[in-house]
*Asks:* 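Quick one: the structure is below, questions incoming.
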Protein chains: 2
Amino acid sequence: MSAKKLLLIDDDLELTELLKEYLTPQGYELDVAHDGEAGLSLATSHKHYDLILLDVMLPKLDGFEVLKKLRTSHLTPVLMLTAKGDDYDKIFGLEMGADDYLAKPFNHRELSARIKALVRRMALLPSSSVQQNLKLGNVELSPPAQQVFCANNLVELTATEYSILHLLMINHGSLVSKQNISEKVLGKKLAAFDRSIDMHVSNLRKKLAAFSPEEKIKTHRGAGYLYLVST
Amino acid sequence: MSAKKLLLIDDDLELTELLKEYLTPQGYELDVAHDGEAGLSLATSHKHYDLILLDVMLPKLDGFEVLKKLRTSHLTPVLMLTAKGDDYDKIFGLEMGADDYLAKPFNHRELSARIKALVRRMALLPSSSVQQNLKLGNVELSPPAQQVFCANNLVELTATEYSILHLLMINHGSLVSKQNISEKVLGKKLAAFDRSIDMHVSNLRKKLAAFSPEEKIKTHRGAGYLYLVST
DNA sequence: AGGGAGTGTAAAGCTTGTGTAAATGTATCG
DNA sequence: CGATACATTTACACAAGCTTTACACTCCCT
């Protein structure tokens with residue numbers, strides 16, 4: 001059994017340090033983000049996490065917002081942590097799609113036990129199923145099968161094309177730079193005069209256009225690409 | 001979505017009555033057992049439960065014992081309830097294989113939210129992992145005998161071929177990576193340039209094709225294999 | 001309007017994954 | 001100790017698809 005990867009999103013430096021020291025020897029790999037945006041970005045990157053520990057009070061984007069956005073594309077299990085122990089918060093978090101909820105201050109062993117319980121349960125799921133189906137307009141994306149439907153037709157995409165579309169759809173309505181696409185999809189920095197991203201986008205457009213005429217991927221000259229929101 | 005079936009094991013008549021009235025209108029079917037033995041017997045019966053709510057203090061067989069015995073044969077999710085709020089108990093329960101732990105007295109809405117969270121998570125399990133005989137299209141798989149029928153003809157498969165087919169069929173409609181196949185079927189990490197999975201898949205296709213022409217196992221270049229859903 | 005930088009896309013080239021046959025290894029059983 | 005059955009490795013041809021090249025075009029700035 002390979003080491004389980006956890007993502008801890010919490011701005012309390014003392015706590016994150018402590019937890020890192022506590023959890024690492026137990027055989028977990030722990031990544032840490034100190035604000036909501038960084039956390040969300042890591043959580044939705046192509047790196048796979050088995051569990052996310054999410055604080056509620058966070059700079060930039062609070063825990064509930066992170067959870068909400070995460071759940072539009074990913075089903076990664078989430079254990080929420082909060083200073084506020086009040087029931088309403090707990091219930092709200094769970095209703096929003098969290099898997100567990102623990103109030104600070106917590107017993108480290110209880111946290112450890114709850115992490116173990118969640119990871120144990122998740123191990124029964126095929127890892128591919130942590131990604132949510134994504135539907136925007138008439139384009140539907142099914143991560144477990146890595147399939148895309150456009151106007152209910154199966155569109156045959158290559159792995160790279162699929163990844164790019166997925167990335168753009170996750171960030172629909174906001175701009176994604178070529179650098180970003182290159183790093184997240186191809187795993188390498190974008191070289192100068194590198195046209196491969198353009199090529200993939202071009203092919204993607206062509207394939208989608210075969211089923212649906214309206215333009216879905218917009219170019220922002222000098223900046224990147226943008227998946228148009230079309231409710 | 002059919003009604004979720006819950007099993008409540010608790011000797012507190014007042015509480016069980018209350019919970020029944022509270023949970024039934026929320027769309028759950030609730031069975032109740034008032035002692036450990038009866039609970040275990042129901043839990044291990046052929047009736048399928050989506051979730052078990054298990055009190056710790058029970059006549060005849062206490063909650064931990066019930067959990068321990070249940071886990072020898074069943075992976076049904078368990079939410080433990082207890083009057084004792086102490087951490088040690090919680091940790092002990094979770095370590096023993098419980099999925100969640102809630103101390104009495106609890107907020108009904110929190111219980112409801114935690115039930116919902118667990119049920120929601122469980123719904124992601126591949127549908128067929130519960131059922132015994134897998135039949136998809138004209139291919140039927142009978143695990144006890146390790147036999148496969150295709151268009152009602154017995155297909156002679158080797159153990160490995162059978163395992164691969166089984167894995168793909170359980171995850172039908174989702175992509176299964178070669179790494180995954182290698183780890184789950186052969187019990188070892190996929191080495192670079194290892195072609196053995198390809199071999200088995202090739203043989204599997206050949207054997208199935210002898211009885212049924214249509215393609216069932218699709219290759220996703222660079223990603224893995226996918227068993228096509230055929231209603 | 002002119003020019004440069006950024007972009008769309010076709011076509012060619014090249015890398016890499018895949019299908020399959022055959023050879024080699026390995027376990028089981030009489 | 002063979003004989004058999006199966007798993008694995010090797011080898012090679014092939015095809016998919018990623019990348020590069022090339023060139024036309026568009027946008028934007030001056």
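Order of the sequence lines sets the chain letters (A, B, ...), proteins ahead of strands, with each chain counted from 1. What you are looking at is a predicted structure, and each value in this text was computed from that prediction instead of being measured.
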*Asks:* NA contact type, B:Arg205, heavy-atom cut-off 4.0 Å: base, sugar-phosphate, or nothing?
*Replies:* sugar-phosphate

*Asks:* Reading DNA chain C from 5' to 3', where do the contacts with chain A start and stop? Cut-off is 4.0 Å to heavy atoms.
*Replies:* C:dA5 to C:dA11

*Asks:* Looking only at the side chain of B:Thr158 (C-beta and beyond, no hydrogens), which of the listed nucleotides D:dC27, D:dA7, D:dT19 gets closest?
*Replies:*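 The answer is D:dA7, which lies nearest to the side chain.
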
*Asks:* So what does A:Ser196 touch, heavy atoms closer than 4.0 Å: a base, only the sugar-phosphate, or nothing?
*Replies:* base

*Asks:* Can you measure B:Phe193 atom CZ to D:dA11 atom C1' for me and round it to whole angstrom units?
*Replies:* 14 Å

*Asks:* Which comes earlier along DNA chain C counting from the 5' end, the contact point of B:Tyr225 or that of A:Gly224, where each point is its nearest nucleotide?
*Replies:*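 The residue whose closest nucleotide sits nearer the 5' end is A:Gly224.
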
*Asks:* Any side-chain donor paired with an acceptor under 3.5 Å for B:Lys69 and B:Ser73?
*Replies:*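 Not at all, the side chains of B:Lys69 and B:Ser73 share no donor-acceptor pair under 3.5 Å.
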
*Asks:* Answer yes or no: is there a donor N or O on one side and an acceptor on the other, between the side chain of A:Arg205 and the main chain of A:Ile217, under 3.5 Å?
*Replies:* yes

*Asks:* Closer to the 5' end of DNA chain D via nearest nucleotide, is it A:His200 or B:Ala159?
*Replies:* B:Ala159

*Asks:* To the nearest Å, give me how far apart CZ (B:Arg221) and C1' (D:dC14) are.
*Replies:* 10 Å

*Asks:* Which whole-number value in Å describes the distance from A:Ile197 CD1 to D:dT19 P?
*Replies:* 8 Å

*Asks:* Tell me what B:Asp194 touches on the nucleic acid: a base, only sugar-phosphate, or nothing, going by heavy atoms under 4.0 Å.
*Replies:*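 Sugar-phosphate, no base atom in range.
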
*Asks:* Salt bridge or not between B:Lys207 and B:Glu156? Use side-chain N to carboxylate O under 4.0 Å.
*Replies:*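 Salt bridge: no.
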
*Asks:* Figure out the CG/C1' separation between B:Asn203 and D:dA7, and round it to whole Å.
*Replies:* 10 Å

*Asks:* Using a 3.5 Å distance criterion without hydrogens, assess whether the side chain of A:Thr24 forms a donor-acceptor pair with backbone atoms of A:Lys20.
*Replies:* yes

*Asks:* Does any donor atom in the side chain of B:Glu161 or B:Ser163 lie under 3.5 Å from an acceptor atom in the other side chain?
*Replies:* no

*Asks:* Looking at B:Arg114 and B:Asp100, does any basic side-chain N land under 4.0 Å from a carboxylate oxygen?
*Replies:*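 Yes, this pair counts.
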
*Asks:* Give the rounded distance in Å between these two atoms: CE of B:Met199 and C1' of D:dA5.
*Replies:*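 Answer to the nearest Å: 14 Å.
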
